[in-house]
Amino acid sequence: MTELVKHLVSGIVTVPGGVSINTVEGEASLLVELTVDPADIERIHGPDGETLRSLRTVLSAASGQRRAVLELIEPSNGAASHAAESTSDDETAE
C-alpha cells in the first residue's frame, strides 16, 4: 500500500522528495499517514478536498477486505495551510 500511495502522490506534488508515508497495520485495518512538503498541502487537498478524497477511494479499493484510512498530516505551524492562515488572521482580528 505504501508504494501505491507514494506513486500516486509523487505525481501530484511539486516536491516529491518531501513525501513521507508511515503505515500502522492492525488486524482488520490499515492506517496510512501521509506527510508532504508544506508547499504541497493545498495540491493534495485539491479543490474542495476532491484530490484527497480520490486518493482515499483508490487506497480503499486496493486494500481489499481490510479497512484503509489515509490521513494527511499537516505541519503544526500552518505556514502553507490556507485554513491555518485564515485561523491566524481570525485570532489577530479579535
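Note that the CD1 atom of I21 and the OG1 atom of T35 stand 9.0 Å from one another [nearest 0.5 Å]. Distance check, rounded to the nearest 0.5 Å: CD1 of I73 to CD of E33 gives 4.5 Å. The line from CZ of R43 to CG of L52 is 14.5 Å long, rounded to the nearest 0.5 Å. Atom OG of S60 is separated from atom CG of L30 by 10.5 Å, given to the nearest 0.5 angstrom.
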Take V58 and V5 through the side-chain contact (heavy atoms from CB on, under 4.5 Å) test and state the conclusion after the steps.
CA-CA 9 Å; V58 170; V5 173; over 6 Å; no

If you apply the rule side-chain contact (heavy atoms from CB on, under 4.5 Å), what do you find for V19 with L34, and how did you get there?
CA-CA 7 Å; V19 175; L34 172 65; 4.0 Å; yes

Quick one, V15 with V36, criterion side-chain contact (heavy atoms from CB on, under 4.5 Å). Give me CA distance, side-chain angles, the key distance, then yes/no.
CA-CA 8 Å; V15 184; V36 297; over 6 Å; no

Trace of the side-chain contact (heavy atoms from CB on, under 4.5 Å) decision for L55 with L8
CA-CA 8 Å; L55 289 169; L8 293 171; 3.8 Å; yes

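Applying the side-chain hydrogen bond (donor to acceptor under 3.5 Å, both in side chains) rule to T23 yields the partners T2; only residues at least two apart in sequence or on another chain are considered. Not a single side-chain hydrogen bond (donor to acceptor under 3.5 Å, both in side chains) links T57 to another residue, sequence neighbours left out. Contacts of E71 classified as side-chain hydrogen bond (donor to acceptor under 3.5 Å, both in side chains), with partners at least two apart in sequence or in another chain: none.
The salt bridge (charged side-chain N to carboxylate O under 4.0 Å, His left out) analysis of residues 9-18, with sequence neighbours excluded, yields no pairs. Pairs passing the salt bridge (charged side-chain N to carboxylate O under 4.0 Å, His left out) check and including a residue from residues 45-54, sequence neighbours excluded, do not occur. The salt bridge (charged side-chain N to carboxylate O under 4.0 Å, His left out) pairs that include a residue from residues 11-31 are E25-R66, where partners are two or more places apart or lie in different chains.
The minimum heavy-atom distance between L59 and A68, with the atom names listed, is CG-CB, 3.8 Å.
Side-chain atoms of R56 come within 3.5 Å of backbone N or O of L70 as a donor-acceptor pair.
Under the 4.5 Å side-chain heavy-atom criterion for ILVMFWY residues, no single connected hydrophobic cluster contains both I44 and V69.
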